[in-house]
Protein chains: 2
Amino acid sequence: MTAARELNYFGPDPRARSLRQGRSGIVGVIIEDRVLNSFRDPMTLAALDGISQELGEGSGMLLLTAVGDGESTIQSAVFDAAIFMGCSPHLARSIEIMRQRNIPMVAIEGQAFDGVLAVSLDNREAARRIAQVVHDLGHTRVATVTLPLDALRSLRPLSEEIVAGATTAVSIDRLEGARDVFPDLDGVVAASSSSDDGLEAGLRLLTGSVSSRPTAILAQSDLLAVGVIRAAEQLGLAVPADLTVVGFDGARIEGFSDYQLTTMKQPATEKGRAAGAAVTALLAGEPASDVSFASVLRMGNTAGPVPG
Amino acid sequence: MTAARELNYFGPDPRARSLRQGRSGIVGVIIEDRVLNSFRDPMTLAALDGISQELGEGSGMLLLTAVGDGESTIQSAVFDAAIFMGCSPHLARSIEIMRQRNIPMVAIEGQAFDGVLAVSLDNREAARRIAQVVHDLGHTRVATVTLPLDALRSLRPLSEEIVAGATTAVSIDRLEGARDVFPDLDGVVAASSSSDDGLEAGLRLLTGSVSSRPTAILAQSDLLAVGVIRAAEQLGLAVPADLTVVGFDGARIEGFSDYQLTTMKQPATEKGRAAGAAVTALLAGEPASDVSFASVLRMGNTAGPVPG
DNA sequence: CTGTTAGCGCGTTCAC
DNA sequence: GTGAACGCGCTAACAG
């Protein structure tokens, strides 16, 4: 008789099951950008892959974008745990609600929040280290190309006003690290981590007289650095003879084999894995604690002494 | 008094709400590979972006990988509608169940299933067109590098056995289109759409005597084509003077500016948008119908007449 | 070991 | 207009 009904009964309803068990098998992954931009960034991609490695087949990743009115979506979406990829202060309300609901939360390189486990990277320290390398080569006219500092995604000159209103922890930390070495460091804010933006930023920074233009550019990501190098090539400048360019990330960049970028290599996949593992542990009722990773200097061939 | 209780009441529970309303605001996106591999492919990425554009802020994308025992995950996951990205026959059981549950389903370039709305591309016709271009240039010794034909991801020589057991509709269609022009077309099956695989495949195909090696290679994706061109460069062959290489997709490839690839440009983002729009319509109870897109030939500078 | 029941937290309906 | 009750579909606990 049960079998008879099976004629149109097809398995337990996942919604009812999730209500009953208090578990949906879904981990929310909150990104603060449109999907495409996030996925174009090799570091984000690597972290996502790391997460999915650790979550295993049992659970899926629910991609939620926290742009604009995304708050309500986050608060009303079904998931057992949340991973923030670079979360900024304006998510405070959602985080508060999720904490009250006892939803485990892990932030990868976001601002620190109470009750949110942190997976972090030594951004400031690493940025300082590579800036020091450039400093030790004798450079004094130095500029930077930063990652986006706030929700307004547009390429524009860096200003103290922008810095004051900045919300993106990663970019702020890397900027501060660089300014630990070059206190007056100025430059351009990119709209995204892409070589197109690096190119545009490079062109802006490098058009000027030989005596005023920077002899070194600190890019906050490898993609940006690659773009800056392209800009230099377009302007007839040789790297590193005429211009030193350093990056950040240690990304493997498709079709960029002429140079070996001087950069700080970060363990991107491991960050994702740590976040995934932490979520898994917390969901199993086990304790988990903050994790921090360190970047490693990779000396390439894009940094050299001051020209002339 | 309600307010008094609010001290520890934080919003409606999404699980209960989803059970009651029969809606979770989640669209399942089923991919048949690891997350990383899918995200490395610019076409998949563009389609995902298109989907997220159309879904709007109200709903999130639940990423489900249908590798291995993924069947059970799909059947027990919470979502209102499903989008298959290149689904193969072995998902038939899950599809059957979802149909019984009245879950709207849309497949982007997958095998046709009853009750699954199709968003398709003219893969066969387009592959035929670009093969015809190569044919008209006079090439007769032609080889192909195909996308994966089945779940076994490994780079290996194309064989009729593999073709017979193939499950990936896109690759099959493109191969058939090419064979409409070159009936005995042989070559290599790639493990993924990547320039690394293209390079490896190119090296395999191009090591041989001048008289036996192909004068043209039809790659089933632009990334593969780029890899083949790199292989040619490594072997000292000039493109297109010594070797004609054509791709498929019309992808914008980072750091590949020396050539303009001759390829079929497909509307990848639009495919995603169409899928997202269809899902949105179906969830609103509105009708939706199959959509098919056409590729456009883009003449670049990587195809030329037969050498000698 | 099989069959029944209670309640997960909500939204809607119905009764007042 | 405000308030109580029912049921979405399941599973865990309990009774027979």
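Keep in mind that this is a model prediction, so the values were computed, not measured. Here is how names work: the chains are called A, B, and so on, in the same order as the sequence lines, proteins then strands, and each is numbered from 1.
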Do A/Met98 and A/Phe79 make a side-chain contact, defined as non-hydrogen atoms from C-beta onward lying under 4.5 Å apart?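 Sidechains of A/Phe79 and A/Met98: in contact.
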Check whether any side-chain heavy atom of A/Phe39 sits under 4.5 Å from a side-chain heavy atom of A/Leu63, and report yes or no.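 Yes. Closest side-chain heavy atoms under 4.5 Å.
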Just how far, in rounded Å, is [atom2] of [N] from [atom1] of [X]?
| X | N | atom1 | atom2 | result |
| --- | --- | --- | --- | --- |
| A/Asn102 | C/dG9 | CG | P | 12 Å |
| B/Arg20 | D/dC6 | CZ | C1' | 9 Å |
| B/Phe10 | C/dC10 | CZ | C1' | 18 Å |
| A/Asp13 | C/dC8 | CG | P | 19 Å |
| B/Leu19 | C/dG11 | CG | P | 11 Å |
| A/Arg23 | D/dT11 | CZ | P | 15 Å |

Can you tell which of C/dG11, C/dC10, D/dC10 lies closest to the side chain of B/Gln21?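 Selected nucleotide: C/dG11.
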A/Arg17 side chain N/O closer than 4.0 Å to the phosphate oxygens (OP1, OP2) of D/dT11?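 Result: yes.
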Between A/Ser221 and A/Asp249, do the side chains contain a donor N or O and an acceptor N or O under 3.5 Å apart?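 Not at all, the side chains of A/Asp249 and A/Ser221 share no donor-acceptor pair under 3.5 Å.
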Verify the distance criterion only: is there a donor paired with an acceptor across the side chains of B/Ser295 and B/Asp122 at less than 3.5 Å?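 Yes, because at least one side-chain N or O of B/Ser295 sits under 3.5 Å from a partner of the opposite role on B/Asp122.
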